[in-house]
Amino acid sequence: MANVNEHYLKLKSSYLFSEIARRVREFQEAHAEARIIRLGIGDVTQPLPPTVIRALHEAVDEMARAETFRGYGPETGYDFLTALVAKHDYGSRGVSIAPDEIIVSDGSKSDSGNIQEIFAADATVALTDPVYPVYLDSNVMAGRAGTADERGRYSRVVYMPCTAENGFQPALPERPVDMVYLCFPNNPTGSVLTRPQLKRWVDWARANNAVLLFDAAYEAYIREPEIPHSIYEVEGAREVAIECRSFSKSAGFTGLRLAYTVVPKEMRGRSADGAMQSVNQLWTRRTTIKSNGAPYIVQKAAAATYTPDGQKQVRALVDFYMENARTIATGLAEAGFTVYGGRNAPYIWIRIPAGISSWDFFDRMLAEANVVGAPGGGFGPSGEGYFRLTAFGSREKTEEAVARIKSCRR
Ligand code: MLT
């Protein structure tokens, strides 16, 4: 029998969203009559935009004819898509990104989990706390995190607490760090970084030879015009930052699967012999070895989001979810909760009453309101005392969830 990867045994017993799903399943089995409203995992609920559906049909028809059939595509994405991304997602904001700096994949969950593979096994990782669990767990699996204490804090990870007390802004690490994961607009707290705040990070990374792994999966939700959508809007970021973006939350692709990661050619990492290595080449190499590319029909669907109609429809989808965010935020504030997020992000982060753990609060909401959220503690020790709701529900269910939570508070 082969030995297993011991690092996997250092993972917490289950992945946050699997544990939520398990508790909900058990509750539903025990209470068949309960009409549960799911605002836990940030999964979209509205149909794909009509332009995307049309593009999917057309691409399927192409696959049905020998002359237009496609087999394996380029592992890093079709040129028709990377050119559109470069022009619309970056060029339109005055940022110059070359198409071959954009590497297309099946999702930001995979990209943000896999990107650590191209860095040294003994690299030091800094994470915000609370954090999207994939960043931590992928580093635990790679053996970079060390072992967990009873609070779930890993010995080799540098935690950057983000709580109401510091405005959910991570402080710069005080000790040397190689890789820093930043997600803004933030999952789970819904906070954003202003341009000067982002610049501090870029300047710090340049001065400290660190790499910033910037997850911008929620950039489409930014409403305040002065908030940067991309880390590359900050000068100097091309040398130190990798950026992940997704079609999941903007165009509703959670089921279709499509994302991309930008790795600028200026980015260098050092190898053990002291030589400088191109990070873009390493990520491209990894992608060509481990992937045969995202499906053609899905990339055609993504390309359709950049047409004038596609852009309008994606905007309408995001507006729809942001109206849910407003409904949740105002409703829960009226119910007496202190509410954060929801202004530039599809997540609403609420303070829960003192003296109850976030998992107990989760169970209570499930039992009393039949509403599923996500317990703050599931995102890290500093998430304790908070609870997350997503704005990705239907209008009707979002309004009903708010009404039910309000009546539980009475
Ligand atoms: C979340 O709920 O935090 C996200 O939907 C998870 C994900 O995108 O994988």
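Remember, it's 1-based here, ligands and their atoms both numbered in the order they're listed. FYI, the numbering just counts along the sequence from 1.
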Report task. Ignoring angles and geometry beyond distance, decide whether Y132 reaches within less than 3.5 Å of ligand 1 through its nitrogen or oxygen atoms. Result ->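 Looking only at distances, the answer is yes, because the N/O contact criterion of under 3.5 Å is met.
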Requested in this report: Flag K249 as yes when one of its N or O atoms lies below 3.5 Å from any N or O atom of ligand 1, and as no otherwise.
Outcome: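 There is such a contact, yes.
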Query raised in the report: With a 4.0 Å cut-off on heavy atoms, is F17 touching ligand 1?
Result: yes
Query raised in the report: Quick one: does NZ or CZ of R395 land under 6.0 Å from the six-membered ring centre of F320, within 45 degrees of the ring axis?
Result: yes
Report summary line: N187 heavy atoms within 4.0 Å reach ligand 1 at atoms 1 (C), 3 (O)
Requested in this report: On the 0 to 90° scale, with breaks at 30° and 60°, tag the W349-Y386 ring pair as parallel, tilted or perpendicular.
Outcome: parallel
Report task. Check Y347 against ligand 1 and report side chain, backbone, both or neither, counting heavy atoms closer than 4.0 Å. Result ->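 It is the side chain that gets close, since no backbone atom is under 4.0 Å.
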Query raised in the report: With a 4.0 Å heavy-atom cut-off (strictly under), which part of I41 contacts ligand 1: side chain, backbone, both or neither?
Result: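 The part of I41 near ligand 1 is both the backbone and the side chain.
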Report task. Grab the two heavy atoms, one from N344 and one from M322, that are nearest each other, plus how far apart they are. Result -> N-CE, 4.0 Å
Query raised in the report: Where is the tightest heavy-atom contact between K12 and G378, given as atom of each residue plus distance?
Result: NZ-O, 4.5 Å
Requested in this report: Before giving the answer on salt bridge (Lys or Arg N to Asp or Glu O under 4.0 Å), spell out for E334 and K406 the whole-Å C-alpha distance, their side-chain angles and the decisive distance to 0.1 Å.
Outcome: CA-CA 8 Å; E334 280 162 21; K406 274 179 162 177; 2.7 Å; yes
